[in-house]
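Below: the structure, in structure tokens.
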Amino acid sequence: MQGNETQRSNQGEEPVPAMQQLLDNPFMLLFIGVLFPTVFYILWGIMEIISIPAVK
């Protein structure tokens, strides 16, 4: 069994997937958790303002 483990370590490490790197980074998760709702509410507000009928 240890033979397999040494063969794996000799072959080199596999690259870490981008999604795993993102989920492993707490500061990036914080940034995304603040950015997405902010952008969503800004766009929602702009759409609400645009939908208000003009006064004649």
Side-chain angles (χ1 to χ4, degrees):
M1 182 137 172
Q2 283 196 358
N4 287 340
E5 291 175 13
T6 55
Q7 286 178 349
R8 287 182 194 156
S9 64
N10 290 342
Q11 291 175 355
E13 297 181 12
E14 295 181 18
V16 178
M19 194 65 179
Q20 182 177 349
Q21 288 179 348
L22 174 70
L23 294 174
D24 285 343
N25 188 344
F27 294 108
M28 187 60 77
L29 289 175
L30 176 65
F31 177 72
I32 291 171
V34 171
L35 180 71
F36 277 121
T38 302
V39 170
F40 176 74
Y41 283 119
I42 288 173
L43 291 175
W44 187 5
I46 291 171
M47 288 172 30
E48 288 290 323
I49 290 172
I50 289 173
S51 69
I52 296 174
V55 178
K56 292 183 180 181

**Study point:** Connected hydrophobic set around Ile42, excluding itself, where side chains approach under 4.5 Å
**Key:** Ile46, Ile50

Exercise for review: Each residue besides Leu29 in its hydrophobic cluster should be listed here, by chain and number; the cluster joins Ile, Leu, Val, Met, Phe, Trp and Tyr at side-chain heavy-atom distances under 4.5 Å.
Suggested key: Met19, Leu22, Leu23, Met28, Phe31, Ile32, Leu35, Phe36, Val39, Leu43

Check your understanding: Using the ring of each side chain (for Trp, its six-membered ring), is Trp44 parallel, tilted or perpendicular to Tyr41, with breaks at 30° and 60°?
Key -> parallel

